[in-house]
Engineer: 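This is the structure, below, for whatever I ask next.
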Amino acid sequence: ARIESLQKVVQLSGLALGPAMNALVCDLDLRFGDLQVNPLTCAGFVPGLLSLLMLLAFACGVEEPAPASPERKRESGRRLLSSGGWLCLWVGFHTNLQISAVDTMLAPLTARHFGWTLLQNSIMFAMLALVCFSGALAGLVATRCGAPSMCIMKAGSFVNLVSSIVAAIALRAAPGTISMATLLAVSGVSIWSMLFYAGTAGAMYQQACGDSQGLLGALYAMAFAFGRPIGAVLGGCMLNGHPLPLCIALPGCVAISIPLQFLFGHRLQNAENQAFLAHENSERCDGDGAAESN
């Protein structure tokens with residue numbers, strides 16, 4: 001569970017750290033024939049290079065899982081519904097939607113109201129990346145101290161809801177009239193709260209999946225990825241003078257999530273408790289078998 005939690009935290013932190021990397025290439029201007037390498041083209045070259053490295057890593061270090069039987073696929077669907085894992089799909093979706101919206105709108109707004117350049121905006125995103133890491137660290141510490149996973153998710157969601165409401169109020173007349181200090185502050189708080197519970201939500205989903213990791217894991221990745229284009233579109237609409245959809249979506253998604261957590265969160269918590277119990281029993285059996293062999 002801790003490995004899954006770290007994986008989700010790193011995934012979300014990358015969304016904030018990516019724009020900050022522009023500071024490393026803001027003065028880059030190289031030309032190789034018709035090939036230009038500059039801050040604009042690096043937006044394509046760097047992800048392409050990273051994808052190539054990831055492809056090589058998968059080819060050299062990952063084994064293909066066994067194909068799932070039709071009965072196994074049906075069992076995956078039943079497990080997703082009965083364990084409450086679908087709630088984690090919604091959490092993953094709206095988390096990426098919110099971060100994507102912040103990612104889309106902050107740089108144009110700071111450039112418009114503060115006159116910030118590429119380097120200054122990159123520093124801003126670097127600060128947000130530090131906020132991400134601090135939120136993730138706080139979530140890991142809470143888990144380490146024995147806080148129930150659903151309590152972590154509910155507490156983080158409540159902070160996210162409050163900060164999202166304040167952000168929606170600040171954005172109601174955007175992009176022309178806006179309190180940028182308020183927006184920057186609540187954006188940081190909102191991102192911190194999301195990273196506080198994002199790893200826990202991913203770990204709970206893993207426990208709810210049980211031995212159906214492949215199909216249900218892919219479903220989580222799809223739900224998570226689907227939030228990014230929607231968040232970008234909502235942020236773009238706000239920048240074009242239509243802030244209402246974004247002002248509704250930011251607190252609305254979290255407002256839907258919190259009642260669902262209170263209604264169905266016990267299913268997720270039970271699935272996690274059963275998974276931990278099964279793991280402890282397996283380790284105990286392995287230990288007893290090793291002692292008998294000696």
Side-chain angles (χ1 to χ4, degrees), residues 1 4-5 8-9 11-12 15 80-102 131-132 134-136 138-143 145-172 182-183 185-209 219-220 223-228 230-231 234-235 243-273:
E4 180 69 13
S5 179
K8 292 296 184 294
V9 164
Q11 189 176 28
L12 286 170
L15 297 178
L80 180 66
L81 295 175
S82 63
S83 66
W86 55 270
L87 177 57
C88 295
L89 296 179
W90 175 253
V91 171
F93 165 77
H94 79 69
T95 297
N96 202 14
L97 183 152
Q98 291 178 276
I99 292 180
S100 176
V102 171
V131 171
C132 289
S134 67
L140 292 173
V141 170
T143 301
C145 293
S149 296
M150 281 309 304
C151 290
I152 294 175
M153 190 181 298
K154 291 173 183 176
S157 296
F158 179 76
V159 175
N160 188 12
L161 176 62
V162 174
S163 59
S164 296
I165 291 174
V166 177
I169 295 173
L171 289 167
R172 66 189 185 280
T182 301
L183 180 62
V186 296
S187 295
V189 172
S190 185
I191 290 176
W192 186 93
S193 66
M194 283 185 279
L195 268 293
F196 177 72
Y197 67 81
T200 299
M204 294 189 74
Y205 183 79
Q206 182 194 38
Q207 304 297 347
C209 290
L219 190 61
Y220 186 93
F224 180 83
F226 190 52
R228 184 151 188 85
I230 295 180
L234 292 174
L244 183 59
L246 180 63
C247 292
I248 294 174
L250 286 179
C253 290
V254 192
I256 293 173
S257 177
I258 291 178
L260 293 177
Q261 292 176 30
F262 280 95
L263 289 173
F264 301 102
H266 65 281
R267 297 185 183 181
L268 276 171
Q269 192 65 65
N270 289 338
E272 183 181 58
N273 293 339

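Residues take their numbers from the sequence shown, with the count starting at 1.
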Engineer: Using a 3.5 Å distance criterion without hydrogens, assess whether the side chain of Arg172 forms a donor-acceptor pair with backbone atoms of Ile169.
Structural biologist: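 Side chain of Arg172 to backbone of Ile169, a donor-acceptor pair under 3.5 Å: yes, one is there.
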Engineer: Sort and list the pairs that fulfil side chain to side chain donor-acceptor pair (under 3.5 Å) and have at least one residue in residues 244-256, not counting sequence neighbours.
Structural biologist: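 Those involving residues 244-256 do not exist here.
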Engineer: I'd like to know if the side chain of Ser257 reaches the main chain of Cys253, judged simply by a donor and an acceptor atom lying under 3.5 Å from each other, with no hydrogens or angles considered.
Structural biologist: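 Checked: no pair found.
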Engineer: For residues 155-162, dump all side-chain donor-acceptor pairs below 3.5 Å to protein atoms at least two apart in sequence or in another chain.
Structural biologist:
from	atom 1	to	atom 2	distance (Å)
Ser157	OG	Met153	O	2.8
Ser157	OG	Gln261	NE2	2.9
Asn160	OD1	Gln98	NE2	3.2
Asn160	OD1	Ser164	OG	3.2
Asn160	OD1	Ser190	OG	2.8
Asn160	ND2	Gln98	OE1	3.1
Asn160	ND2	Tyr197	OH	3.2

Engineer: Sorted by first residue and then second, give each ring-ring contact (aromatic ring centres under 6.0 Å, His included) pair with at least one member in residues 243-265; sequence neighbours left out.
Structural biologist: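 Every ring-ring contact (aromatic ring centres under 6.0 Å, His included) pair that includes a residue of residues 243-265, provided the two are not neighbours, is Trp86-Phe264.
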Engineer: Determine the interplanar angle of the Tyr220 and Phe224 rings, folded into 0 to 90°, and report it as parallel if under 30°, tilted if 30 to 60°, perpendicular if over 60°.
Structural biologist: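 Correct class here is parallel.
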Engineer: How long is the straight-line distance from CG of Leu87 back to CE of Met150, given to the nearest 0.5 Å?
Structural biologist: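 Taking CE in Met150 and CG in Leu87, the distance rounds to 6.0 Å.
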Engineer: For Ala249, what residues pass the side-chain contact (heavy atoms from CB on, under 4.5 Å) criterion, not counting sequence neighbours?
Structural biologist: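 Residues passing side-chain contact (heavy atoms from CB on, under 4.5 Å) with Ala249: Leu234.
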Engineer: Between atom SG of Cys145 and atom CG of Leu140, what is the distance when rounded to the nearest 0.5 Å?
Structural biologist: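 The CG atom of Leu140 is 11.0 Å from SG of Cys145, to the nearest 0.5 Å.
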Engineer: Between Leu246 and Pro251, what is the shortest heavy-atom contact and its length?
Structural biologist: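 Here Leu246 and Pro251 meet closest at O-CD, 4.5 Å.
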Engineer: Quick one: do Thr200 and Val91 satisfy side chain to side chain contact (heavy atoms under 4.5 Å, CB included)? Show the steps, please.
Structural biologist: CA-CA 11 Å; Thr200 299; Val91 171; over 6 Å; no
Engineer: Leu171 vs Leu250, test: side chain to side chain contact (heavy atoms under 4.5 Å, CB included). Steps then yes/no.
Structural biologist: CA-CA 11 Å; Leu171 289 167; Leu250 286 179; 4.0 Å; yes
Engineer: So, using side-chain contact (heavy atoms from CB on, under 4.5 Å) as the criterion, who are the partners of Ala170 when residues are at least two apart?
Structural biologist: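 Once residues adjacent in sequence are excluded, the partners of Ala170 under the side-chain contact (heavy atoms from CB on, under 4.5 Å) criterion are Thr182.
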Engineer: Quick one: list whatever passes side chain to side chain donor-acceptor pair (under 3.5 Å) with Trp192, sequence neighbours left out.
Structural biologist: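 Testing Trp192 for side chain to side chain donor-acceptor pair (under 3.5 Å), a comparison that skips the adjacent residues, returns Ser134.
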Engineer: Run the side chain to side chain contact (heavy atoms under 4.5 Å, CB included) check on Phe226 and Leu89 step by step: do they pass?
Structural biologist: CA-CA 11 Å; Phe226 190 52; Leu89 296 179; over 6 Å; no
Engineer: To the closest 0.5 Å, what do you measure between CG (Leu260) and CH2 (Trp90)?
Structural biologist: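 Going from CG on Leu260 over to CH2 on Trp90, the span is 8.5 Å.
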